[in-house]
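Notes follow the structure.
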2 protein chains.
Amino acid sequence: MSDSFALEAVDVALSPMERFEEYLKSKGKRITQPRRILIEHVFSHHEHFDADALIDELSHQSKGSDRVSRPTVYRTLNELVESGLLRKMEIGGRAVYEHDYGYPDHDHLYCTQCQNLIEFQSAELKELRDQVARLHQFRATGHRFIINGVCDECQKKSRRKKRRIDLI
Amino acid sequence: MSDSFALEAVDVALSPMERFEEYLKSKGKRITQPRRILIEHVFSHHEHFDADALIDELSHQSKGSDRVSRPTVYRTLNELVESGLLRKMEIGGRAVYEHDYGYPDHDHLYCTQCQNLIEFQSAELKELRDQVARLHQFRATGHRFIINGVCDECQKKSRRKKRRIDLI
DNA sequence: CTACTTGCAAACTCTTTGCACACCA
DNA sequence: TGGTGTGCAAAGAGTTTGCAAGTAG
């Protein structure tokens, strides 16, 4: 899954690993090898991903040293979300994760053809959100805004295909 | 699940049942008893609901005359979405449906405490959406905007509870 | 040492599908 | 009558859980 890399990373004092260790300590949890492997892996790429991809990469590989089991992948993903390192969203019935820590707030364009998520930022949206919330005496803690449609790439592909058909 | 009823229904020429019959005919599908029961039931209340609620109400009841089986509930829900009568959204991993036909476009505030969906309309949001899409050469076909947080009701409840604890 | 973690297998939830019978047009 | 639709049971996808063995602190 390739993404748009238009957004700049935010400067953060601690690395994701360090931040996760803080979180674990604060909860009386332990810094274990599987947790280390998983977070290392997750923060080495900057993409949207789902649990299945992670399981393919970490669990299905036969070499034993840096293998992480399916349940541990799920358990750790939940911890990463709870600790604020990852953001989780549901698209088409499955959970999709992305970096949250060290990454600016943003929303997404979702191409229903190629399934790509394109990120964008909008200050106006945040204002609009708070304005709506205020109007309803609602204490907003977050939001999810996804614009569905067809990305530039896929539109071009469709046009090319259509032209080919027209020639017949 | 009780909702806010702030939104006015839009005038439509055909009843949902009639509209669905049109759709079925156009697809060479048949107007059957289970489909009639389901749509009648769905459009008699004006609430957000999930497949499970419908199955409880239509499938688990033992009396045989207006019973609809689980698979037929799912099959018909998909047809209702495809025909434009219902809108489907995913919240917390499960599908939630609401009336689309004869109901204005809107978005939602989602209370993470009581799970209620509160509807709101915003023309600005639509403009914002189209503006963002244009900027990315994206052909927008729809969007989903959900503001998460705590509704007025639940904030009041929390405050009452907090006060009781403070008194101890 | 002791409580927290892991991996395995199995359970669970939600949704879809194969198939024989039923039914609408 | 012929093709659709239905209900049943069972399969699937995605995720969680119980438990015995392993390991961090």
Side-chain angles (χ1 to χ4, degrees), chain A residues 17 20-39 41 48-83 86 88-97 115, chain B residues 17 20-39 41 48-83 86 88-97 115:
Chain A
M17 188 66 234
F20 193 44
E21 291 185 5
E22 293 279 281
Y23 166 81
L24 291 173
K25 275 179 206 159
S26 78
K27 294 275 180 179
K29 294 182 168 186
R30 290 170 186 180
I31 300 152
T32 61
Q33 199 55 15
R35 295 214 247 244
R36 245 193 293 264
I37 292 163
L38 211 136
I39 194 172
H41 186 89
H48 299 95
F49 61 93
D50 56 16
D52 235 33
L54 233 46
I55 290 163
D56 274 354
E57 291 155 18
L58 296 177
S59 190
H60 286 167
Q61 62 186 201
S62 43
K63 43 177 178 163
S65 62
D66 49 357
R67 217 185 77 90
V68 180
S69 72
R70 171 189 305 274
T72 298
V73 167
Y74 277 107
R75 284 188 279 237
T76 309
L77 279 174
N78 288 338
E79 290 166 343
L80 287 171
V81 169
E82 198 172 323
S83 71
L86 290 183
K88 178 183 186 173
M89 49 193 150
E90 325 257 351
I91 293 177
R94 78 197 201 290
V96 175
Y97 299 85
Q115 251 100 298
Chain B
M17 189 66 234
F20 193 43
E21 292 186 6
E22 293 278 284
Y23 167 81
L24 291 173
K25 274 180 207 159
S26 79
K27 292 276 180 180
K29 293 183 169 187
R30 291 170 185 177
I31 300 151
T32 62
Q33 200 54 16
R35 296 214 246 245
R36 246 192 293 264
I37 293 163
L38 211 136
I39 195 174
H41 186 89
H48 299 95
F49 62 91
D50 55 16
D52 234 34
L54 233 46
I55 290 163
D56 274 352
E57 291 156 17
L58 295 177
S59 189
H60 287 169
Q61 63 185 202
S62 43
K63 44 176 177 163
S65 62
D66 50 355
R67 218 185 77 90
V68 181
S69 72
R70 172 188 303 275
T72 298
V73 168
Y74 277 107
R75 284 189 278 237
T76 309
L77 280 174
N78 289 339
E79 291 166 343
L80 288 171
V81 169
E82 198 173 322
S83 71
L86 291 182
K88 178 183 186 172
M89 50 193 149
E90 325 256 351
I91 292 177
R94 80 194 199 291
V96 175
Y97 299 85
Q115 251 101 296

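The chains referred to below are lettered A, B, ... by the order of the sequence lines, with proteins before strands, and numbering in each begins at 1.
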Can you find a heavy atom in the side chain of B/Lys27 that is under 4.5 Å from one in the side chain of B/Glu79?
no
Closest to the B/Pro34 side chain, choosing from C/dT15, C/dT5, D/dG7
D/dG7
Counting just side-chain N and O atoms, does B/Tyr74 come under 4.0 Å of either OP1 or OP2 of C/dT15?
yes
May I ask you to test the B/Ile55-B/His60 pair for a side-chain heavy-atom distance under 4.5 Å?
yes
Check this for me: does the side-chain of A/Arg30 come within 3.5 Å of the base of C/dA3 through a donor and an acceptor?
yes
For A/Leu38 and C/dT5, what is the distance between atoms CG and P respectively, to the nearest whole Å?
15 Å
Please give, in whole Å, the distance from C/dC14 P to B/Arg70 CZ?
9 Å
Closest-nucleotide ordering on DNA chain D, the 5'-leading residue of A/Ala95 and B/Glu79:
B/Glu79
Can you tell me if the side-chain N/O atoms of B/Ser69 get under 4.0 Å from OP1 or OP2 in D/dC8?
no
Report the distance from atom CG of A/Asn78 to atom P of D/dT15, rounded to the nearest whole Å.
9 Å
Rounding to a whole Å, what distance do you find between A/Asp56:CG and D/dT15:P?
13 Å
Want to settle it: does B/Ala51 or B/Ile31 sit nearer the 5' end of DNA chain C, counting the closest nucleotide to each?
B/Ala51
How many Å lie between CZ on A/Phe20 and C1' on C/dT5, as a whole number?
12 Å
Nearest-Å distance for atom pair CD/P, residues A/Glu90 and C/dT13
17 Å
Whichever of A/Lys29 and B/Gln33 has the more 5' nearest nucleotide on DNA chain C, that residue is A/Lys29
For B/Asp50 and B/Tyr97 the tightest heavy-atom approach is CA-CD1, 4.3 Å
Positive for side-chain contact (heavy atoms from CB on, under 4.5 Å) with A/Phe20, one of A/Lys25, A/Lys29, A/Arg35:
A/Arg35
Under 4.0 angstrom between B/Thr32 side-chain N/O and D/dT6 OP1 or OP2:
yes
What nucleotide among D/dA9, C/dA3, C/dC8 has an atom nearest to a side-chain atom of B/Pro71?
D/dA9
Return no unless some side-chain N or O of A/Arg67 is found under 4.0 Å from OP1 or OP2 of C/dC8.
yes
Distance, rounded to the nearest Å, where B/Leu58 contributes CG and D/dG7 contributes C1':
14 Å
Side-chain donor/acceptor of A/Arg75 to base of C/dG7, under 3.5 Å:
yes
Using whole Å, what does the distance between atom P of nucleotide D/dA13 and atom CG of A/Asp52 come to?
10 Å
Looking at every heavy atom in both A/Thr72 and A/Pro34, which two are closest together, and how far apart are they?
CG2-CB, 3.9 Å
